Amino acid sequence: MLKSPFVYGVLGVLLISVKSELITVCVEDDDDLRVDCKVASTPNKINSYEFSWSSGNKQALINTNVSGSAAEAKFKGKSDVEELDPHGYRMTLRGFRDSLPHNTTYLCKISGVDAKITVERDQLVPCSAVSVFLKSSCSWMVCLLLFFYHTHS
Ligand SMILES: *[C@@H]1O[C@H](CO)[C@@H](O)[C@H](O)[C@H]1NC(C)=O
Ligand SMILES: *[C@@H]1O[C@H](CO)[C@@H](O)[C@H](O)[C@H]1NC(C)=O
């Protein structure tokens, strides 16, 4: 079973595409920045989140509930965090364009596990476009899973 290099290649692509979707960044209709962090939290543990961005060697904390650390002053009161289903957190940031660096790496950390993505300022996409993309890549994965199911049964 699973002898062909092709299958490993396909599995690799699948893992990479799933991995790169642990964090997504887009701009909402009302011009708020939305960062979705889908890192799984640890069961039976108090979980914490941390959202930040960095550019060059400067990193700024946007929102966190790690005890003892606090968001940078310019982000205070400008962001909200809500829980996502089945796991993860969504952070929305108002008025982000004033402070957005040109090339920004968005980072999130849930209970010590982090994910990051770099997006250029001009390449931020509207959230409505992202959901279309996710839908098409999901149906692609469903096809693949059906394919595996079929060849192994
Ligand atoms: C952070 O917020 C989440 C969701 O509201 C909560 O479950 C968790 O216990 C909080 N963590 C800390 C360290 O306060
Ligand atoms: C942003 O990143 C791209 C590619 O990573 C690079 O070509 C470009 O020069 C960078 N722009 C700035 C202003 O740093």
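Throughout, numbering of the chain's residues begins at 1 and tracks the sequence. Order of appearance sets the numbers: ligands from 1, and atoms from 1 within every ligand. Please read all numbers here as calculations on a predicted model, not as lab measurements.
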Supply the atom-to-atom distance Ser41 OG to Ile110 CD1, rounded to the nearest 0.5 angstrom. 6.5 Å

Among Asp32, Thr92, Leu33, Leu93, side-chain contact (heavy atoms from CB on, under 4.5 Å) partner for Lys78: Leu93

Any chance you could measure Ser54, atom OG, to Leu61, atom CG, to the nearest 0.5 Å? 12.0 Å

Find all protein N or O atoms under 3.5 angstrom from an N or O atom of ligand 1 and list the pairs with distances, or write 'none'.
residue: ligand 1; atom: 2 (O); partner: Asn65; partner atom: ND2; Å: 2.3
residue: ligand 1; atom: 11 (N); partner: Asn47; partner atom: O; Å: 2.7
residue: ligand 1; atom: 11 (N); partner: Asn65; partner atom: ND2; Å: 3.0

Counting only N and O atoms by type, is there a donor-acceptor contact under 3.5 Å from the side chain of Thr104 to the main-chain atoms of Val119? no

Would you call Phe75 and Trp53 a side-chain contact if the rule is heavy atoms closer than 4.5 Å? yes

If you measure from SG on Cys108 to CG on Asp36, what distance do you get to the nearest 0.5 Å? 9.0 Å

